[in-house]
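In the text below, chain A, chain B and the rest are named by the order of the sequence lines, each starting its count at 1.
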Amino acid sequence: MHYWLMKSEPDAFSIDDLARKGVEPWDGVRNYQARNFLRDAMRTGDGVLFYHSSCETPGVAGIAEVAGAARPDPTQFDRRSAHYDPDSPREAPRWWLVDVRFVRKLAHPVTLETLRRDRRLGDFALTRRGNRLSVLPVSAAQWRLILDHAQEHA
DNA sequence: GCCAACGTTGGC
DNA sequence: GCCAACGTTGGC
């Protein structure tokens, strides 16, 4: 069992959108490091922190889980998609996705500010200087600490 | 293989 | 809207 954090701009796709849809293919990831996490490391049932980025209050807005094995991202072959990649070979797809299932929305999001302030989180990919990864690993200890923050406000 | 130019991410 | 940080591209 592993844990992850996945970023989404709520204007494009929010935790409420995931709540409505139930399961969503996490397409459009076009970074090799993030691709490797999706394709090689994620397993069905892994925990996902759903993070809202590029918004008024960035932070963890909800919980999701990996709903299935990685599969090629169909948008890379779709000429009309913003994520079309003409250089990706059909027989060896470059970009992969996993399906993500809604678990619950946090009554009180755990803000980036809170995450930065909590020194107990230690070395955390999210708050590393210059980090731009949209899919990143979270340790079991970090997962617990972050959910504790959500609980404190309950 | 180097590196400048460019595009993107994402906080502020 | 600004800008720092970073990944990618392409000329040489």
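Taking both residues in full, the closest heavy atoms of A/Asp78 and A/Tyr84 are given as O-CB, 3.1 Å, listed atom of the first, atom of the second, then distance. Residues A/Ala61 and A/Ile15 come closest through the heavy atom pair CB-CG2, 4.0 Å. Nearest heavy-atom pair across A/Leu121 and A/Leu115 is CD1-O, 3.5 Å. Here the closest heavy-atom approach between residue A/Trp4 and residue A/Trp143 is recorded as O-CZ3, 4.5 Å.
In this structure, A/Arg94 does not pair ionically with A/Asp73, as no charged nitrogen and carboxylate oxygen lie closer than 4.0 Å. Taking 4.0 Å as the cut-off between side-chain N and carboxylate O, A/Glu24 and A/Lys21 count as a salt-bridged pair. Using a 4.0 Å cut-off between charged nitrogen and carboxylate oxygen, A/Arg30 and A/Asp85 do not count as a salt-bridge pair.
Listed in residue order, the members of residues 48-61 of chain A having a heavy atom less than 4.0 Å from DNA chain B are A/Tyr51, A/Ser53, A/Ser54, A/Pro58. Interface residues of residues 123-132 of chain A facing DNA chain B, ordered by number: A/Arg132; criterion, heavy-atom separation under 4.0 Å.
Protein chain A contacts DNA chain C from C/dA5 to C/dT8, reading 5' to 3' and using non-hydrogen atoms of the protein with a distance under 4.0 Å.
Residues A/Leu18 and A/Phe13 meet the side-chain proximity criterion, which asks for heavy atoms closer than 4.5 Å.
The ring-ring contact (aromatic ring centres under 6.0 Å, His included) test with A/Tyr32 singles out one residue from A/Trp96, A/Trp95, A/Phe37, and that residue is A/Trp95.
Using bins of under 30°, 30° to 60° and over 60° for the plane-to-plane angle, the ring pair A/Phe50/A/His52 lands in the perpendicular bin.
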